[in-house]
Trainee: 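One structure follows; several queries about it will come next.
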Amino acid sequence: MFVDTGMCNVWAARYISPNGRRRVIGSFTHGSMANALPQAIGAQFTDRRRQVVSMSGDGGFTMLMGDFLTLVQYDLPVKVVLFNNSSLGMVELEMMVAGLPAYGTGNHNPDFAAIARAAGAHGVRVEKPKELRGALRDAFKHQGPALVDVVTDPNALSMPPKISRDMVQGFALSAGKIVLEGGVGRMVQMARSNLRNIPRP
Ligand SMILES: Cc1ncc(C[n+]2csc(CCOP(=O)(O)OP(=O)(O)O)c2C)c(N)n1
Ligand SMILES: [Mg+2]
């Protein structure tokens, strides 16, 4: 399993355990974006029988989207699970922690599942949580390359395990600026989306 640099990397680290048989590989030291798909292609070429999954961010995937055709060209049965929050989420969070209102981090994304199908792969879009399990099951059952476009909450923030006072101050400043610019609704929505993610001792 390969995880892109960004928030989906944090979610993977938090919820997926490398269990001795399953390996989780990312660009953990260098932090290059768009790493998961090319790493997955390389791994699948070394062994076509092992299940290879690319957990891609929408930003990372679009950077190297042409390589999705490589999966079709060589019939590599990689499963791409796309964390589609329509943003460069990690950078948005970094901007907020630095006291800035998020700027230029939203992505106008296409329907990635339709693109996957047009390319000749299995593609399915998930917009409701209850559709996810079935969509993943079908993708893993499919013999060839598959993409599951998982539309996630753009306001979900991957909180770090330790939160410093500086981070909180920066975030509050950024939130204040967003509210002053008329984004009250956005901040309320963000608070609602993240209450469940706040680490509790
Ligand atoms: C080559 C490269 N460009 C830019 C960055 C800075 N950067 C780190 S994460 C990120 C956003 C990633 O967006 P996405 O793949 O959608 O993941 P998300 O954080 O939304 O889950 C950016 C721009 C980087 N690490 N590497
Ligand atoms: Mg994203």
Side-chain angles (χ1 to χ4, degrees), residues 1-16 24-43 52-71 78-116 123-129 132 135-136 146-161 163 167 170-171 174-175 178 183 186-187 189-190 192-194 196-199:
M1 169 168 303
F2 297 87
V3 292
D4 254 353
T5 298
M7 278 192 189
C8 71
N9 184 308
V10 180
W11 300 127
R14 199 160 291 164
Y15 294 110
I16 293 168
V24 179
I25 296 174
S27 180
F28 296 116
T29 309
H30 195 247
S32 298
M33 250 177 100
N35 55 290
L37 180 58
Q39 286 176 325
I41 291 171
V52 177
V53 180
S54 172
M55 288 198 161
S56 303
D58 53 312
F61 184 72
T62 47
M63 267 174 79
L64 291 181
M65 201 163 69
D67 252 351
F68 188 76
L69 301 184
T70 306
L71 301 182
V78 169
K79 311 302 174 214
V80 177
V81 179
L82 197 57
F83 282 79
N84 183 0
N85 58 359
S86 301
S87 79
L88 304 171
M90 192 64 148
V91 168
E92 186 163 318
L93 185 55
E94 283 170 348
M95 289 173 95
M96 293 189 76
V97 164
L100 301 166
Y103 176 76
T105 45
N107 289 336
H108 299 283
N109 284 330
D111 179 340
F112 291 111
I115 288 181
V124 63
R125 185 167 166 98
V126 173
E127 294 184 351
K128 299 203 173 72
L132 182 63
L136 288 174
L147 180 142
V148 183
D149 181 9
V150 186
V151 179
T152 64
D153 181 354
N155 288 312
L157 305 171
S158 56
M159 307 270 184
I163 297 174
M167 289 178 186
F171 197 86
S174 165
I178 291 172
R186 163 114 216 270
M187 287 320 298
Q189 191 52 51
M190 187 171 274
R192 282 216 180 108
S193 295
N194 290 288
R196 64 175 189 268
N197 293 323
I198 292 175

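In each ligand, atom 1 is the first atom listed, and ligand 1 is the first ligand listed. What you are looking at is a predicted structure, and each value in this text was computed from that prediction instead of being measured.
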Trainee: Rounded to the nearest 0.5 Å, how far apart are NE2 of H30 and OG1 of T5?
Mentor: 9.5 Å
Trainee: With F2 as reference, evaluate V24, I41, N35, V52 under the side chain to side chain contact (heavy atoms under 4.5 Å, CB included) test and give the passing residue.
Mentor: V52
Trainee: Between L37 and M65, does the side-chain contact (heavy atoms from CB on, under 4.5 Å) criterion hold? Intermediate values first, please.
Mentor: CA-CA 9 Å; L37 180 58; M65 201 163 69; over 6 Å; no
Trainee: Which heavy atom of A36 sits nearest a heavy atom of M55, and at what distance?
Mentor: CB-O, 3.8 Å
Trainee: What protein N, O or S atoms come within a distance below 2.8 Å of the Mg ion (ligand 2), ordered by chain and number?
Mentor: D58 OD1, N85 OD1, S87 O
Trainee: Looking only at non-hydrogen atoms, find the nearest pair between D58 and N109 and report the distance.
Mentor: OD2-ND2, 2.9 Å
Trainee: For V126 versus A135, what's the shortest heavy-atom pair and its separation?
Mentor: CG2-CB, 3.4 Å
Trainee: Specify the closest pair of heavy atoms between S56 and C8, including all atoms of both residues, with the distance to one decimal.
Mentor: C-SG, 4.1 Å
Trainee: For ligand 1, would you mind listing the residues that have at least one heavy atom less than 4.0 Å away, ordered by chain and number?
Mentor: T5, G6, M7, C8, G31, S32, M33, G57, D58, G59, G60, N85, S87, L88, G89, M90, V91
Trainee: Which atom pair, heavy atoms only, marks the closest approach of A12 to V3?
Mentor: CB-CG1, 3.4 Å
Trainee: Indicate the atoms forming the closest heavy-atom contact of G89 with M7, along with that distance.
Mentor: O-CE, 3.3 Å
